[in-house]
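Encoded as structure tokens, the structure appears first; notes follow it.
So that the names make sense, note that chain A is the first sequence line, chain B the second, and so on, each numbered from 1.
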Amino acid sequence: MLYLLCGPNGPSALYLVAASHALQHRPAAHPPRNHERAALRAELHCTVTDGAVGREVYCFEGLLKTALARVVGEAAVEKDHMDYAVELDIAVKPTTPVPGLGKEYGYYVGAGNPLFSVGGGVLRTVLKHILHKYHAKRGYYVVETPLLARTTLYEVTGHLQFYKENMFLVNIEGDEYAIKPMNCPFHVLIFMNLLQKYQAKVALPFKIFETGTVHRYEIAGALRGLLRVRAFTQDDAHIFAREEDVEQSLIEVFDMMKDVYEKLFHIPVTSETVRLRLSLSAKDKIGSEFMGEPEMWRFSEEKLFKVAEEIKRRYGIEFFAEEGEAAFYGPKLDVVVFEEDGKEWQIGTAQFDFNLPMRFKLNELLRETHGLEGNIYMIHRALLGSLERFIGIYLEMYKGRLPFVLAPLQALVVGILTGKEDVDSKIKKLVEEAKDKLLREEIRASSLYTTKTHLSKDVRKVESTVKPPLMIYVGQREAEKGLVTVRPYSHAERRRLQRTVSINEIMEVVSEMEEGVKALVGAPVRLPADPSYMT
RNA sequence: GCCGCCGUAGCUCAGCCGGCAGAGCGCCGCCCUGGUAAGGCGGAGGUCCCGGGUUCAAAUCCCGGCGGCGGCUCCA
């Protein structure tokens, strides 16, 4: 009987070995290596086709005096569960993890196509919940719209004319559909349907919000980590306002941005952290790349200029104008951040749009329902831009330190054991008490035990990987007093603060860490999940 | 889409002038018991991205693909 030893490239590159020979000569102390195990499962019927058999060649582990040359054969390989796992792995191909974090947060399953795993899932679910509630409190209706629509919709909006090269198109039963590249067409439809049914009862300005996932075909070379992907979720909203309400509505948007950046993400909004970019049309391309009439562009660009000046007056944030940066349907006022190398990334945006209302004949409709005299204008806006990009930039800025409410592992209780049984049992009791208390309150908490010797090594490990915003230490000192040492991470100071508190006071520390979110949405936002796999 | 670099252990990477698959960290076990980012010893752990080709022999050389990073271009 002959056995096939598969080389790294499988059956095409072979070492052929007489099995009895190999097995006989293998010292008992050296069990088969991995690639041999696979080989030993494979039964081979082969014919030697090359005249080289018998030539002096290199030996496999020095066991054979004569290696065999080329063979052609068929191998019947019995698959084990690992083989199937490997096949599936290749089919799905999890590749690069989210930069700075592990694969438990997320990874790419195709070019520009991120998957959010259990860690990223918690982060995004909490973030979306906060955004939904915050917008609802600020007078936005929260909706959800489908991924697919007939392309006829995008003919009306102009996307098919101005944006087609970025759209994924799909044919279903002979009809052409598009995967939505933007949420706005659906939001216009919803507004129109409400107007038709409820007429003047629909209050202006009308504000509609969605955490909408869109897909855009970006050329492969444009993709860049989480900062530029093909599938992403926008915190997208549209405001339909009369001319006299436009400026106030826009200023309100920037007020909300500041609110969310500072209270949820601890990012101080100053000229040092963010800048405003007034993105204008290129005059010679109006009609080709930019949709609509020159007068309307001039009108709306002036409006945005006034808003930019007002924001500068209120918040002291500088702005700069750039021609040719506008969206195809209107000019924008973008929030941009700069990387260390000077590369700029757009996050939040407020975009002025006179085109879509015209295309959907909204002026005429509102003339009937609301006795509108001028025009209705549409504002497209996003506070974070896309969740992916915002999180990607944030992870860079804060070196993977997420805000308390978003971190998959929020609190880690560390027991420092002494080796003395009576002391250790007290320590363990305190650790378990602290953890149970946190878990009961739906804080994502876990624990780990270490010793004085190992403490610094274990701290280094969690501080360089999962980075739990709240660390709680229990050692001999704490056990003697029945207290715990808390070390919450302060984003403002970029370091951990420390104090010693009773078990009952732990939730006060948690409460302090949730303050920003409570200020935003009125209540803490908690999502239980078992994070113990992370420690 | 174009140009350049890259893909090897859970992670970061070495090996790449073809010839037995490597290190550090992590993980597991033992020893230790120096309180806030590296204590000591031992062990386990691989489809060298995928597919073809050349060769007695490929992680290594050639062709094609996929994926990642950086630049151009483009955008949230």
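- In the set B:rG35, B:rC75, B:rG26, the nucleotide with an atom closest to the side chain of A:Lys461 is B:rG26.
- With centres under 5.5 Å and a plane angle under 30°, the ring of A:Phe232 is stacked against the base of B:rA76.
- Following rounding to the nearest Å, A:Arg496 (CZ) and B:rA37 (P) show an atom-to-atom distance of 10 Å.
- For A:Arg224, a side-chain nitrogen or oxygen approaches OP1 or OP2 of B:rG70 to under 4.0 Å.
- A cation-pi arrangement is found for A:Arg494 relative to A:Tyr398, the charged atom lying closer than 6.0 Å to the ring centre and inside a 45° cone about the ring normal.
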Problem set entry | Footprint string (nucleotides 38-43 of chain B, 5' to 3'): B base within contact, S backbone only, - free, heavy atoms under 4.0 Å | BB----
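- Note: CD (A:Glu463) to C1' (B:rG35) measures 14 Å, nearest angstrom.
- Atom pair A:Glu325:CD and B:rC74:P shows a separation of 8 Å (rounding to whole Å applied).
- When rounded to the nearest whole Å, the span between CD of A:Glu322 and C1' of B:rC75 equals 13 Å.
- A donor-acceptor contact closer than 3.5 angstrom links the side chains of A:Lys435 and A:Ser447.
- Between A:Ala222 and A:Lys452, it is A:Ala222 whose nearest contact on RNA chain B lies nearer the 5' terminus.
- Contact of A:Glu104 with B:rG10 (side chain to base): no donor-acceptor pair of N or O atoms is detected under 3.5 Å.
- Pairing of B:rG18, defined by two Watson-Crick or G-U wobble distances under 3.5 Å, is not identified with any nucleotide.
- Paired with A:Asp334 under the rule side-chain hydrogen bond (donor to acceptor under 3.5 Å, both in side chains), one option of A:Gln346, A:Arg275, A:Gln351 passes, and it is A:Gln346.
- Judged by closest nucleotide on RNA chain B, A:Ala220 is the one of A:Ile347 and A:Ala220 placed further toward the 5' end.
- Close to B:rG67, at under 4.0 Å from its OP1 or OP2, lies no side-chain N or O of A:Tyr107.
- What separates CZ of A:Arg477 from C1' of B:rG34 is a distance of 12 Å, to the nearest Å.
- The separation of B:rG45 from B:rC28, taken at their C1' atoms, amounts to 10 Å, rounded to a whole angstrom.
- The interatomic distance linking A:Tyr329 (OH) with B:rA76 (C1') rounds to 10 Å, in whole Å.
- A centroid separation of 6.0 Å or more is found between the aromatic rings of A:Phe390 and A:Phe232.
- In summary, of the residues considered (A:His135, A:Lys128, A:Gln234, A:Glu144), a side chain to side chain contact (heavy atoms under 4.5 Å, CB included) with A:Thr211 occurs for A:Lys128 alone.
- Distance from the side chain of A:Thr485 is smallest for B:rG35 among the nucleotides B:rG67, B:rC75, B:rG35.
- Across all strands, A:Arg216 comes closer than 4.0 Å to base atoms (heavy-atom distances).
- Below the 3.5 angstrom threshold, one finds a donor paired with an acceptor across the side chain of A:Arg389 and the base of B:rC75.
- The residues A:Lys428 and A:Glu432 are annotated as not salt-bridged, no charged nitrogen and carboxylate oxygen being separated by less than 4.0 angstrom.
- Proximity of A:Lys332 to the phosphate of B:rA76: a side-chain N or O atom is located under 4.0 Å from OP1 or OP2.
- The phosphate of B:rA76 has OP1 or OP2 within less than 4.0 Å of a side-chain N or O from A:Gln346.
- For the P atoms, the distance linking B:rU12 with B:rC72 amounts to 26 Å, nearest Å.
- Residue A:Phe390 contributes atom CZ, which lies 22 Å from atom P of B:rC75 at whole-angstrom precision.
- The partner of B:rC2 is B:rG71, by the rule that a Watson-Crick or G-U pair needs both atom distances under 3.5 Å.
- With sequence neighbours excluded, the residues that form a side-chain contact (heavy atoms from CB on, under 4.5 Å) with A:Glu493 are A:Ser490, A:Arg495, A:Leu497.
- Counting non-hydrogen atoms under 4.0 angstrom, A:Arg499 reaches nothing in the nucleic acid.
- Remark: B:rC11 base-pairs with B:rG24; criterion is Watson-Crick or G-U wobble with both hydrogen-bond distances under 3.5 Å.
- Atoms CZ (A:Phe328) and P (B:rA76) sit 10 Å apart, rounded to a whole Å.
- Nucleotide B:rC32 has no partner under the Watson-Crick or G-U criteria, as no pair reaches both atom distances under 3.5 Å.
- Side-chain atoms of A:Leu455 lie closest to B:rU36 of the nucleotides B:rC74, B:rU36, B:rG68.
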